[in-house]
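For reference, the structure discussed in these notes is given below.
We count ligands from 1, going down the list as the structure has it; atoms in each ligand are counted the same way.
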Amino acid sequence: MVVGDFAEEVDTLIVGSGPGGYVAAIRAAQLGQSVTIVEKGDIGGVCLNVGCVPSKALIQAGHRFHEAQADDMGITAENVSVDFSKVQEWKSSVVNKLTGGVDGLLKGNKVNVVRGEAYFSDRDSVKVSTDEYSSQTYKFKNCIVATGSRPVELPAFKYSKRVINSTGALELDEIPQKLVVIGGGYIGIELAGAYANLGTEVTVLEGEERILTGFEKQMAQIVSKRLKNNNVTIETKAFAQSVEESEDGVTIKATVNDEEKTYDADYVLVSVGRKPNTDELGLEQIGVNMSDKGIIDVDEQCKTSNEKIYAIGDIIDGPQLAHKASYEGKIAAEAIAGEASAVDYLAIPMVVFSDPELASVGYTEQEAKDAGYDVVGAKFPFQANGRALSLNDSEGFMKLVTRKEDGLVIGAQIAGPSASDMIAEAGLAIEAGMTAEDMAMTIHAHPTLGEITMETAEVALGTPIHIK
Ligand SMILES: Cc1cc2nc3c(=O)[nH]c(=O)nc-3n(C[C@H](O)[C@H](O)[C@H](O)COP(=O)(O)OP(=O)(O)OC[C@H]3O[C@@H](n4cnc5c(N)ncnc54)[C@H](O)[C@@H]3O)c2cc1C
């Protein structure tokens, strides 16, 4: 028997508590709205539980292990070992700290958290099934949908014990001896690098001519080279065809440059993209337009074709990134509050936590030219930076894209250690409308990687000190 329910009236209802939903909830509460958030899984969504955070913890553990074994700087360590169950415990403790923190923040902001699965039963109502037998309907003034995405499954590679997606790869209880990764995008490459650092023999199968096609070729080449030096085989123009699974391993058949090849491994990780969670929400019936692929149409305030409903994060167009979801969450909450906020995507950073890290914000030189700008593409090598040398990690470069007529910064790319942190300064420069001169005249502490930003700006001005 299903227990009947009377609709509860709420102001702002948010579906999904990932980095889009929970940030939207807190922003909406700050703006004085009474907020209810519905979550069917774990608070924090993909990002905190099975995405950004645990993957970065695993990557860090891989670095620690790899570096401990490096025989350089005159330091040699013997008997370095890894207890993977303890690595997993530590990774979970990081996740738990963060998800517990978000839970506390929601409570602190008086956000009502409802656990259950939401389904749109009307233009302004959501039915939340809390278990098999009970449900509660919420009638909202406004709703923000932030239901995120899930891994795409290849028909010939049904997920199982040994055919895994990124979630499975983050939860293994052993370090595989051999791992095949299908897909050389950022998630596949980050996990390939993490396991390679932990000692796994990794093969990456990528259909395109190179890995990390979202980044400039020269940047991806540095990562490819580093991976190859670390026992990773990268097969390009490679299409995985089938898998046979046994008790203790898998055999994968693939065509590589039209030649048939076979790979044996302990696991195969399928990492070929993510699809939006918009197919089981009932949105089509309540006037929310979306593409064939389930990407919801929104305006510059993240409002859908149903004027009471907003959509943010992985379910709308653009890169599927946590900080983009959070940014849109704030915009949607402010739009509901009647503010004139609107999205501006020029300065969304994109980062790969590879070896070395890659980061890009704004235009690349080519994109700027294609958009009709007359630009200067200035480049500075990490090798000419004292801090990079003292870190013993000096491979890579920074590129700054500036408008020729006035030096306005419109893009930056970095391949090198700490690129993920360094890119923030270039993002700020773009947001603040700064010029190369502003960046070059900003005094940067010595010796820091941050000086690379200052020096790249000097290259743009034709006045670099540390390169000729
Ligand atoms: C391995 C991996 C590594 C990543 N690393 C990075 C990184 O380093 N940096 C980065 O920026 N991004 C990274 N991402 C991407 C990032 O995790 C996503 O872009 C981000 O989580 C999207 O946020 P979201 O709020 O749109 O959705 P999600 O985080 O997916 O959250 C959606 C939430 O909605 C809930 N939900 C869905 N349907 C319903 C329903 N019907 N009722 C109630 N609740 C529902 C889900 O349970 C989930 O908790 C990574 C992803 C993966 C898989």
Side-chain angles (χ1 to χ4, degrees), residues 13-25 36-60 91 95 99 102 113-121 126-130 135 138 143-152 164-171 181 183 185-192 194 269-283 294-296 302 310-330 332 348-354 357-359 420 423:
L13 184 89
I14 294 169
V15 184
S17 71
Y22 88 74
V23 169
T36 296
I37 191 165
V38 186
E39 173 55 61
K40 70 171 183 181
D42 294 321
I43 296 290
V46 167
C47 171
L48 268 63
N49 294 287
V50 292
C52 326
V53 172
S55 64
K56 265 79 262 182
L58 201 65
I59 289 167
Q60 190 55 34
K91 184 207 76 185
V95 168
T99 52
V102 169
V113 180
V114 174
R115 309 304 292 252
E117 181 159 0
Y119 184 84
F120 287 83
S121 50
V126 152
K127 193 175 194 127
V128 179
S129 310
T130 39
S135 65
Y138 295 87
C143 176
I144 301 175
V145 188
T147 47
S149 61
R150 60 185 185 274
V152 167
I164 55 177
N165 56 32
S166 58
T167 303
L170 289 167
E171 283 164 4
V181 178
Y186 87 89
I187 293 177
I189 291 303
E190 285 186 1
L191 290 168
L269 160 61
V270 182
S271 179
V272 292
R274 299 180 61 83
K275 65 190 237 185
N277 294 326
T278 49
D279 44 350
E280 287 173 359
L281 293 171
L283 286 168
I295 297 287
I296 296 178
C302 299
Y310 294 72
I312 59 171
D314 283 8
I315 56 173
I316 67 170
D317 206 13
Q320 291 178 321
L321 294 169
H323 44 276
K324 170 183 166 282
S326 299
Y327 171 72
E328 290 162 348
K330 290 183 242 177
I348 289 201
M350 290 197 292
V351 169
V352 189
F353 292 81
S354 46
E357 292 180 354
L358 304 185
S420 58
I423 201 71

Can you confirm, on distance only, whether ligand 1 has an N/O atom lying under 3.5 Å from any N/O atom belonging to [X]?
X: Val50; answer: no
X: Glu190; answer: no
X: Leu170; answer: no
X: Asn277; answer: no
X: Gly20; answer: yes
X: Lys40; answer: yes
X: Ala322; answer: yes
X: Phe353; answer: no

I'd like to check [X] versus [Y] (side-chain heavy atoms, cut-off strictly below 4.5 Å). Are they in contact?
X: Thr99; Y: Asp42; result: no
X: Glu190; Y: Val352; result: yes
X: Ile164; Y: Val270; result: no
X: Val145; Y: Phe120; result: yes

Original post:
Which of the listed options, Val114, Asp314, Ile315, holds the heavy atom that is closest to atom 19 (O) of ligand 1?
Top reply: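 Considering heavy atoms of Val114, Asp314, Ile315, the nearest to atom 19 (O) of ligand 1 sits in Asp314.
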
Going by heavy atoms, is [X] under 4.0 Å from ligand 1?
X: Asp42; result: yes
X: Tyr22; result: no
X: Glu280; result: no
X: Lys324; result: no

Could you tell me which atoms of ligand 1, counted from 1 in the order shown, lie closer than 4.0 angstrom to a heavy atom of [X]?
X: Gly116; answer: 42 (N), 43 (C)
X: Cys47; answer: 17 (O), 21 (O), 29 (O)
X: Gly16; answer: 33 (C), 34 (O), 35 (C)
X: Ala146; answer: 32 (C), 33 (C), 34 (O)
X: Glu117; answer: 41 (N), 42 (N)
X: Lys56; answer: 5 (N), 6 (C), 7 (C), 8 (O)
X: Gly313; answer: 26 (O)

Subject >> Ser129 and Glu117 side chains, donor-acceptor separation under 3.5 Å >> reply: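 No donor-acceptor contact under 3.5 Å links the two side chains.
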
**OP:** Determine, stepwise, if the pair Thr147 / Asn277 fulfils side-chain hydrogen bond (donor to acceptor under 3.5 Å, both in side chains).
**Re:** CA-CA 6 Å; Thr147 47; Asn277 294 326; 5.4 Å; no

**OP:** Before accepting this row, confirm whether a basic side-chain N of the pair Asp279/Arg150 lies closer than 4.0 Å to the acidic partner's carboxylate O.
**Re:**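 Counted as a salt bridge, because a side-chain N and a carboxylate O are separated by less than 4.0 Å.
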
Subject >> Minimal non-hydrogen separation, Gly313 against Glu328, with atom names >> reply: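 Here Gly313 and Glu328 meet closest at N-OE1, 2.7 Å.
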
Subject >> Side-chain donor or acceptor of His323 paired with backbone N/O of Pro349 under 3.5 Å >> reply: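 Confirmed, His323 side chain pairs with Pro349 backbone.
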
**OP:** Using a 4.0 Å heavy-atom cut-off, say whether Pro151 meets ligand 1 through its side chain, its backbone, both or neither.
**Re:**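 It is neither part, as no heavy atom is under 4.0 Å.
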
